[in-house]
Amino acid sequence: MRLSLLALLAKEPAHGYELKQALELTFGDAYPSPNIGQIYVTLGRLEKDGLVRAVDVEQSNRPNKKVYYLTALGREKLEAWVDEPTEGPRVRDDFFMKLVLAPMTGIADRMALINRQRRHYLSLMRSLNELADGTDQANRVAHLLIEGAMLHLQADLDWLERCQEELP
Amino acid sequence: MTPKQLSTVIKTVNLGKIYQQGAVPVPAVRGVDLEIGAGEFVAVTGPSGSGKSTLVHMLGGLDKPSSGEIWLDGRRVDTLRESAWALLRRKKIGFVFQFFNLVANMTVADNVELPALLAGSSPKEARARREYLLDALGLTERSDAPPSQLSGGEQQRVALARALSNRPSLLLADEPTGNLDSRNTRDVLRLLGEVHRDGQTIVLVTHEARVASLADRVVSLLDGQVIDDGTIAVPRRRSRGGAGDVVELR
């Protein structure tokens, strides 16, 4: 979350709650909304590291609010993040370990493991379908995020099928 | 044991299909026992060559079984001759393939109305049904066009409308979203969901998990055999109204 907050602050200074709203508005329901406490903790760490600074802004009839802005160091950090290529997902699949190792010990049947996993993936796919149905068509960011998740899930299912064909 | 049961639409008993490839017999479907109830939406999945298309082709009488039985609406049908099958399909079965066979010299509207008329609907009923289906698939404006003026995605949707036009007991679909982009896929899936809620029985072959996950029940084939057959759990919703936990951004 550190870098997404830096990116939002590069656009304009903001206080914690505005950052939370900006994340929700941009990514829609597809994004697990961060709780406000998490955001303040992260902002505190960024401030300690010198990447953001905070100023108190007086408000009438309300306690002061802390508005955060990006420092030069913060901008450098953000630019470095944008410039470097991003690692793709790695195959580090807990299920695959289970699938290979469990039948060796005789405590599980490979076919049953695969079938159970397929049903689980399909039920995840179903929630993605529901999520897509319930997401505003105009929010392309959210829809692309959901579509990305669907494509990954389809790949997981295709791989499961390959395992079923190849493993004894 | 009596295969006749009111709520069962289609049932197979030890169904098998062997293709002759040169001198070698190749089993495509082996010992399939399926029972599909009225109003069920069943997805058939499996790797290519697992026998899923052969299976639904046999259910629609387009391919003859090598062994076993098929019962449709309580009547044994695998023993029927081709002419009897043709009659049965006209009355009770809707079929959608990945490649659609629309009648070239008829308008979209006439293509969709024809099966309803052949099955005995009045012209007024056929027309109302056609209007509903074309509207649901976003094709109303194309009603008077010949199929040749339609894009592949549009033709596919017309083929689905045609298959549903006679309100068949059973809708069979073989990769109905096979060559559609994501928007057209969404329209097709939405209509399938809608007719399913209205009680349409659907058996659909697909390799797309997104499509399969809409079914109530998924039958998985491998090497011509059913290796899994079960319902898909409806995911539990987390509190905040979104299934947002499915997607995780770091």
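Letters go in sequence order (proteins before strands), and every chain restarts at 1.
- Heavy-atom neighbours of B:Arg217 CZ from other residues, nucleotides or ligands within 6.0 Å: above the threshold of 12.
- Proximity to chain B involves both the backbone and the side chain of A:Gln164, based on heavy atoms less than 4.5 angstrom apart.
- Within a 6.0 Å sphere centred on CZ of B:Arg167, heavy atoms belonging to other residues, nucleotides or ligands number 12 at most.
- In this structure, chain B has heavy atoms under 4.5 Å from both the backbone and the side chain of A:Asn115.
- With a 6.0 Å radius and a threshold of 12 heavy atoms from other residues, nucleotides or ligands, A:Gln59 has its CD atom above the threshold.
- Of the listed residues A:Glu165, A:Met125, A:His120, the one with more heavy-atom pairs under 4.5 angstrom with chain B than any other is A:Met125.
- For residues 193-209 of chain B, heavy-atom neighbours of chain A at less than 4.5 Å comprise B:His207, B:Glu208, B:Ala209, sorted by residue number.
- The environment of NZ in B:Lys64 is crowded: more than 12 heavy-atom neighbours from other residues, nucleotides or ligands sit within 6.0 Å.
- Note that CZ of B:Arg210 is 9.5 Å distant from CG of A:Leu128, once rounded to the nearest 0.5 Å.
- Within 6.0 Å of atom NZ in A:Lys77, 12 or fewer heavy atoms from other residues, nucleotides or ligands are found, so the atom counts as exposed in its surroundings.
- Shown here is B:Gln20, whose CD atom has more than 12 heavy atoms of other residues, nucleotides or ligands within 6.0 Å.
- Nearest heavy atom pair, residue B:Ala233 against residue A:Ser123, reads O-CB, 3.2 Å.
- Heavy-atom distances place the side chain of B:Arg186, and not its backbone, under 4.5 Å from chain A.
- Only the backbone of B:Ala215 comes within contact range of chain A, judged by heavy atoms closer than 4.5 Å.
- In this structure, A:Arg75 places its CZ atom where only 12 or fewer heavy-atom neighbours from other residues, nucleotides or ligands lie under 6.0 Å away.
- Residues B:Ser213 and A:Asn129 approach most closely at OG-ND2, 2.9 Å, considering heavy atoms.
- Heavy atoms only, all atoms of each residue included: A:Arg119 and B:Asp229 are closest at NH2-O, 3.3 Å.
- To the nearest 0.5 Å, atoms CG (A:Leu157) and OG1 (B:Thr45) are separated by 8.5 Å.
- Contacts with chain A (heavy atom to heavy atom, under 4.5 Å) involve these residues of residues 218-227 of chain B, listed by number: B:Val218, B:Ser220, B:Leu222, B:Ile227.
- Within a 6.0 Å radius of CD in B:Gln21, other residues, nucleotides and ligands contribute 12 heavy atoms or fewer.
- Only the side chain of A:Arg118 comes within contact range of chain B, with at least one heavy atom under 4.5 Å from a heavy atom of that chain.
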